[in-house]
Each structure stands twice: as C-alpha cells, then as structure tokens.
Novice: 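Before I ask anything, here is the structure I am working with.
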Amino acid sequence: MISNFSKYLTTNDIAASHRYYNTDIIEPEVELDGTFINVSEEKRLGYKVDFENLAKFTVEQKELV
C-alpha cells in the first residue's frame, strides 16, 4: 500500500475489497472511510491471511525445501 507513505504524492488505486472480490483472502477486508483507507494500529500491514479462503482459490501448490 504505497499510498500510505507520506512522501508519496500520487495516490495508488485504492478501493474496498468488495469492489474487486466477492471473497477476499485477507482479514479484515479493506474498507473505505470516505476516500481514505484507515491504517491499522497493528504491527506490519494490519491484515492477516485468511488461509481457508486462500485454499479455495489455490490452483497449484509447490513446497520449497
């Protein structure tokens, strides 16, 4: 989410998850607050992978050892 950086002057294409996906692979889904996305107070990006939904959309999987 490069649009979160204060020195980045050109906005990126930010939109709510439901604009692009019926079901997203992250929790919580991205939601707009007017024309902004509120940045989480949690460490890192503030989103967690929904592994159950990710498995539904996985076409191929390889294990790297």
Side-chain angles (χ1 to χ4, degrees):
M1 296 186 138
I2 198 162
S3 59
N4 290 336
F5 296 111
S6 61
K7 292 182 180 181
Y8 197 81
L9 303 177
T10 307
T11 58
N12 206 354
D13 181 19
I14 56 174
S17 294
H18 68 83
R19 179 175 176 186
Y20 299 108
Y21 312 107
N22 290 326
T23 306
D24 207 339
I25 61 167
I26 59 169
E27 293 179 339
E29 289 188 5
V30 176
E31 294 185 11
L32 289 179
D33 182 6
T35 57
F36 297 93
I37 293 175
N38 293 321
V39 178
S40 174
E41 297 291 328
E42 293 186 37
K43 293 179 182 177
R44 300 187 178 105
L45 288 177
Y47 295 95
K48 296 177 182 161
V49 176
D50 182 337
F51 288 100
E52 187 175 316
N53 278 340
L54 180 61
K56 292 177 188 176
F57 298 113
T58 300
V59 176
E60 185 177 339
Q61 185 173 350
K62 294 186 180 188
E63 184 176 341
L64 300 175
V65 290

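Heavy atoms only: backbone and side chains are in, while hydrogens, waters and symmetry mates are out.
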Novice: Does one hydrophobic cluster hold both Leu32 and Phe36, with members joined at side-chain heavy-atom distances below 4.5 Å?
Specialist: no
Novice: Could you tell me which non-hydrogen atom of Tyr47 sits nearest to which non-hydrogen atom of Ile37, and how far apart they are?
Specialist: OH-CG2, 4.0 Å
Novice: CD of Glu31: more than 12 outside heavy atoms within 6.0 angstrom?
Specialist: no
Novice: Taking atom CG of Asn53 and atom OG1 of Thr58, what is their separation to the nearest 0.5 Å?
Specialist: 10.0 Å
Novice: Kindly indicate whether the side chain of Phe51, heavy atoms from C-beta on, has any atom under 4.5 Å from the side chain of Ile25.
Specialist: no
Novice: Looking at Pro28 and Gly46, what are the two nearest heavy atoms and their distance?
Specialist: CD-O, 3.9 Å
Novice: Which value, rounded to the nearest 0.5 Å, describes the distance between Arg19 atom CZ and Glu29 atom CD?
Specialist: 15.0 Å
Novice: Assess the residue pair Asp50 and Asp24 against the criterion (side chain to side chain contact (heavy atoms under 4.5 Å, CB included)); give the C-alpha distance rounded to whole Å, side-chain angles, the decisive distance to 0.1 Å, and a yes or no.
Specialist: CA-CA 8 Å; Asp50 182 337; Asp24 207 339; over 6 Å; no
